[in-house]
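See below for the structure under consideration.
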Amino acid sequence: MANLSIFDIAGPVMVGPSSSHTAGACKIGQFARALFHRTPRKIKFYLHGSFGEVYKGHATDKALLGGIMKFMTSDARIKDSFKIAKEKGIEFEFIKKDLGREYHPNTVEIVLENRDNKMSVIGSSIGGGMIEILKIDNFKVYLPGRAGKFLSLVIMHDGDKGIIQRMTKKLKTQGIKVAEKVHTKVKEKTLTVLSIEGRRITLPEVMELEKNTPGVDFIRSLSKLQKE
Amino acid sequence: MKYEFHTTQDVLRLCKKHNLPISEIAKKYEAERAGKSIPAVRNKMKQTRDVMYEAVRAGVKSTHKSKMGMVGGDAYLLGVALKKVGTMMGNKVTVRAMAYAIAVGEQNANMGRIVAFPTAGGAGVVPGTLFSCAEHFKAGKRKLLRSMFCSSAVGLIIAEGATLSAAKGGCQAEVGAGVAMAAAGLTEMRSGTPEQCFHAASIGLKSYLGLACDPLGGLVEVPCIKRNALGCMSAIGASDLAIAGVKSYIPFDEVVWAMKNIAKIMSPKLRETALGGLAVTPTGNKIKKKLGMRITK
């Protein structure tokens, strides 16, 4: 396991009742939303293991949905997230499903949809509010819930090695160092997760990078989730 | 990293090398890890402490019942009993610790704001024990803060060596971990040595190994909240033993390993699925029925 923070233990500040089933679920929701990058119209939550058995009592459903609407784990609005989602016109559904033995008992698959995009994210809540994102669409990834000093860029591209090389160079001129690269390949697409350090990357920079690099489907920055 | 640690051995080595208590190592570790200054780290812990205080304060006043009506108002009852503490067998410190622990649990059950320290299910043990004892010692806020850092370091060792998820390890990973953390933190508050802190943590955790997570209807209410209250008693007891010079025969790292081993063997029915133990008693089934959950034979 990567170096944990003292505040992974002494925290998070959250609304109850369960750190893994409420706070962790909320965080998975936040991640899924950041990866999808826009407001989804339709969301399906497939709940695995303990999540599927006890989600109602732990308000896992409300927390997941709250996370999708960018609520923090300490946000009192989580209590009313069903109502708020309905007001925003978001359709949602919770389904019990066995995702397979390789997953932690607290795992959810979130399928987000709007008019022209669809994305599936699988995340596990591994206790005390800590989470891991393990799958994006068909790509196996590993994104721990709190990257701490290292921030992550998630990039979906054509698989040409030059793309990432050029991007790394460009980031370097902007004062951002790439500390780690992880690639996953599925069919003709590649998903790369870059851990960056040096400074925070801003949203306009991410959008500019996405627009001006050919061969890239999308880039998502997960740095904004670090504040809690 | 200079202050990196993963096990008890690492921590004790660092304590000896720099002649510092566990709390300072934890503080320096966090500052180094996150690239922040020591005051910034301390400030963050202060905010954490304030939220915990708020939860305790709101909890002891509240008589609000939870949605299913299983819990609520018990912290208030203990607060009343505290005024005539002569009728109790425990002393003021222990009764108050239980009142605080239940207060946090009840706030949590009512979707109030709490700190998951280490998790929401076991969130009452550390504030209950530390706040009540700090009041008794008239310990300054700084001293309380230090003991919270010490508790966190112990929690981190458990998280790395085993788990803090009841879905993976049962209640030993939540209330059990909370007891170990509170016992160590309290021992440091009483100026125990780092070794004594870990003896207290070992003694505390050992008596919670194998504890099932079998809450009624899967709600963090029964038996969780009262387990937190009694967890405070265990933590105070474990700390007393360590301060008196009693040593744990098994080192803390091995206790954590044992916890992981038990987690591996433990049936999923006893791991936060509401499929075994108290959750499937007639009373448990009644609650499940009310929640519209499937009742298994």
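To find a chain, count down the sequence lines: A is the first, B the second, and so on, and within it residues start at 1. This one's a predicted model, so the numbers in the text were calculated from it and none came from an experiment.
- For B:Met111, the parts lying under 4.5 angstrom from a heavy atom of chain A are both the backbone and the side chain.
- Of the inter-residue distances, the one linking B:Lys27 atom NZ with A:Ile6 atom CD1 reads 11.0 Å to the nearest 0.5 angstrom.
- A distance of 8.5 Å separates CE in A:Met14 from OG1 in B:Thr119, rounded to the nearest 0.5 Å.
- Both the backbone and the side chain of A:Ala10 come within contact range of chain B, judged by heavy atoms closer than 4.5 Å.
- With a 4.5 angstrom heavy-atom cutoff, A:Ser20 touches chain B only via side-chain atoms.
- One N or O on the side chain of A:Ser50 and one on the backbone of B:Glu272 form a donor-acceptor pair closer than 3.5 Å.
- Only the side chain of B:Met181 comes within less than 4.5 Å of a heavy atom of chain A; its backbone N, CA, C and O stay farther away.
- Options B:Glu4, B:Arg49, B:Lys67 differ in how many heavy-atom pairs under 4.5 Å they form with chain A, and the most are formed by B:Glu4.
- Heavy atoms closer than 4.5 Å to chain A are found in both the backbone and the side chain of B:Val41.
- Residue contact with chain A, scored on non-hydrogen atoms closer than 4.5 Å, is absent for B:Ile158.
- Chosen from B:Ala109, B:Gly122, B:Ala153, B:Gly112, the residue pairing most often with chain A at heavy-atom distances under 4.5 Å is B:Gly112.
- In this structure, the side chain of A:His58 engages the main chain of B:Gly218 through a donor-acceptor pair within 3.5 Å.
- At a 4.5 Å heavy-atom cutoff, the contact between B:Met1 and chain A is made by side-chain atoms alone.
- Ranked by heavy-atom pairs under 4.5 Å with chain A, the first of B:Leu156, B:Val115, B:Ile287, B:Leu164 is B:Leu156.
- Listed for the A:Ser19 side chain is a donor-acceptor partner under 3.5 Å among the backbone atoms of B:Ala120.
- Heavy-atom distances place the side chain of A:Lys56, and not its backbone, under 4.5 Å from chain B.
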